[in-house]
Amino acid sequence: VPGLAGRGDFDFTLQGPLDTPHLLTRGRASGLRYRDSSAALLDWDGDIDPRRPSHLTLDLSGAQAAGVAIHSIKLAASGIEVYHHIQFDAVTERGDLSLTADGGYDRKRQEWGGNLVALRLTPAGLPAWTLGKPAGLLLGSHRQSLEPTCFGGDGGRACLRLEQNVTRSGLRLSWNLERLLLATFKPLLPPHVQVDGEANGSGSIEIANGDVAAANAVLNLDSAHIVLPKAPPLEIQPSTLRLDDQSGQLHATLNLRAAQGTLTADVTAAPAADFAARVLAGSAQVSLPDLAFVGSLLPALQSTAGSIAGNLSLGGSIGLPRISGQLALSDGSARLVVAGITLKDVQLHVTGDGSGPLALDGSMTSDGGSLRLNGSLDPTSSPLHADLAFKGDNFQVMATPDAHIWAAPDLHLLSDGSGIHVDGTITVPKANITPQGFGDNGVAVSSDQVIVGAPPAPPASPLQFYSQLQLTLG
């Protein structure tokens, strides 16, 4: 096999009629590698005869596949063709799986039928999900089905069912979630972030001729609290996400409500040759009536105020969406902790017509001076493309014990694939510099020091920055 490498020592014997061959094999292979997959060690022992009791054992260790480290895989099967027992266990960096099944193979129908006797799935860092009771399973070239199969654990309860469509070709997979506890997902969150609440939902998807024929799903978030360090809790009220796909027309609605504001959306995606090419149509509304909570989330800001409201229309495609409408920040204010200044009368309007970049127009004041922003921003481009102009008059940029500085900037910023370009003038009409000291007189650690045993830091990708500025004092 091209691309296969490794070392092996094995016996292989095949005898008997071609329709019911008897296979005898035993061996060991090490250092296996095929393309991006590898395995340190593979042991197997098999005596498989369709007419007599048979057995097969397989033990794989130190493997890597699809970028996932697989510590071990063990497979053991014994019995006769029409009735046998299967035990499968896998330990990986993503979690562990243990499965037990009993059943048999129908040679005439070319399908395997039996029972899923036991199953335990333990995702890394999360509670285990365990099969509640055995469920019937059928796997064949023309028929597949799974009787209602329910899993439970500390995280809640989930049920699955796979049905063969009896009126036309295709399969239907349905599911149901009951009391999915959000707190069980804490290991996946950043440290010191607390979350509680629960979600419920159900849905189904029909697949025919390799494509999605129909789908529907609903997820209800009964309530949730998200607590960040040194911040008030984010209280999410009962919210709903719905999704359905009939005859290729994808339709989704979102009603997300929190104590701090709301986000609603109603979007459709028309049929297309591929998912990314589906044409979008719909709308979204956002309302954050009081931004006082922002200061608790961003330590660099204090005494935040204002509101955000928007009514947007969606167009383009899933792969290249276009946004039209307006999003507005009104009557904003905030104190910048480091600079010591207070921004007032903050207004920002973001508008789009769906045909190109978003237009930005904003203004703010500081100690009676003003600063205005206008330009364009294209969030769909990569790298991000921005073309912005800043023009101010007697705008206070610093108010600390060390310095009080006012400025009148006239700047142009352009961000594109070549980097960030800034040019223009900055006039400083007035500044009071009163240094309070020069800080710590200690000797800083050398930037070229090496910590023995510490992994080397990955080289940073430099951000190209170009500027041509003229500074005028007085």
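Residue indices begin at 1 and follow the sequence shown. No hydrogens, no waters, no symmetry mates; every other heavy atom, side chains included, goes into these values.
With sequence neighbours excluded, no residue forms a salt bridge (charged side-chain N to carboxylate O under 4.0 Å, His left out) with Asp96. Judged as a salt bridge (charged side-chain N to carboxylate O under 4.0 Å, His left out), and not counting sequence neighbours, the contacts of Arg143 are Glu111. In this view, His71 satisfies the side chain to side chain donor-acceptor pair (under 3.5 Å) rule with no residue, not counting sequence neighbours. With sequence neighbours left out, the side-chain contact (heavy atoms from CB on, under 4.5 Å) criterion links Leu336 to Leu301, Ala339, Ile341, Leu343. Here Asn394 pairs with nothing under the side chain to side chain donor-acceptor pair (under 3.5 Å) rule; sequence neighbours left out. Considering only residues two or more places apart in sequence or on other chains, Asp245 meets the salt bridge (charged side-chain N to carboxylate O under 4.0 Å, His left out) condition with Arg278. By the ring pair (Phe, Tyr, Trp, His ring centres under 6.0 Å) test, His421 is found to be paired with Tyr466, residues two or more places apart in sequence or in another chain being considered. With sequence neighbours excluded, the residues satisfying side chain to side chain donor-acceptor pair (under 3.5 Å) with Asp266 are His251. Residues that satisfy the side chain to side chain donor-acceptor pair (under 3.5 Å) test with Arg161, not counting sequence neighbours, are absent from this structure.
The salt bridge (Lys or Arg N to Asp or Glu O under 4.0 Å) pairs that include a residue from residues 324-336 number zero, where partners must be two or more places apart or lie in different chains. Applying the salt bridge (Lys or Arg N to Asp or Glu O under 4.0 Å) rule to pairs touching residues 171-182 yields Arg157-Glu178, Glu163-Arg172, Arg172-Glu206, Arg179-Glu198, sequence neighbours excluded. Among pairs with a residue in residues 352-374, those fulfilling salt bridge (Lys or Arg N to Asp or Glu O under 4.0 Å) read Asp361-Arg372, at least two apart in sequence or across chains.
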